[in-house]
Amino acid sequence: MEAARKEEDLELANKAKRDALLKQLRESDLADVIAKCKMHSFTPTDSAWCAENERAGTKVLPEKHQVP
């Protein structure tokens, strides 16, 4: 009985640590994306559009970012 309780406590502690780490990683990834968007003059819409096209298998940039 006590072993089950310890296992539950350990599982809850690990879940809390995992959630905190995922939140921290998400925030740092988001900050990185925002910095790169500013560096390359991408708007959030452009970024989402490119990601959507990349998932579809096409690699076309928005018109304003096309290389002549």
Side-chain angles (χ1 to χ4, degrees):
M1 185 112 179
E2 198 169 307
R5 182 183 303 252
K6 284 183 181 180
E7 187 177 331
E8 273 185 34
D9 291 343
L10 187 59
E11 187 176 318
L12 289 175
N14 285 340
K15 185 179 183 320
K17 288 178 185 178
R18 180 181 176 272
D19 290 344
L21 180 61
L22 286 175
K23 183 178 179 182
Q24 179 186 5
L25 290 174
R26 183 182 185 281
E27 289 172 358
S28 67
D29 287 347
L30 186 58
D32 188 42
V33 168
I34 289 170
K36 287 180 180 178
C37 283
K38 286 181 181 179
M39 180 176 26
H40 297 290
S41 301
F42 265 48
T43 64
T45 304
D46 293 337
S47 181
W49 186 84
C50 288
E52 182 179 310
N53 283 324
E54 189 171 302
R55 283 190 297 271
T58 59
K59 295 197 177 197
V60 178
L61 291 173
E63 189 173 311
K64 70 179 184 178
H65 295 288
Q66 291 289 334
V67 178

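Because the structure is predicted, anything quoted here is derived from the model rather than measured.
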L30: what forms a side-chain contact (heavy atoms from CB on, under 4.5 Å) with it, not counting sequence neighbours?
-> R26, I34
Go through the steps for D19 and K23 under the test salt bridge (charged side-chain N to carboxylate O under 4.0 Å, His left out), then give the verdict.
-> CA-CA 6 Å; D19 290 344; K23 183 178 179 182; over 6 Å; no
Min side-chain heavy-atom separation E2-K6 under 4.5 Å = yes
For D32 and K36, run salt bridge (charged side-chain N to carboxylate O under 4.0 Å, His left out): C-alpha distance rounded to whole Å, both residues' side-chain angles, the deciding distance at 0.1 Å, then the answer.
-> CA-CA 6 Å; D32 188 42; K36 287 180 180 178; 3.5 Å; yes
Pairwise distance CG(L22) to CG(D29) - rounded to 0.5 angstrom | 10.5 Å
Apart from M39 itself, which Ile, Leu, Val, Met, Phe, Trp or Tyr residues share its cluster (side-chain heavy atoms under 4.5 Å, direct or through members)?
-> none
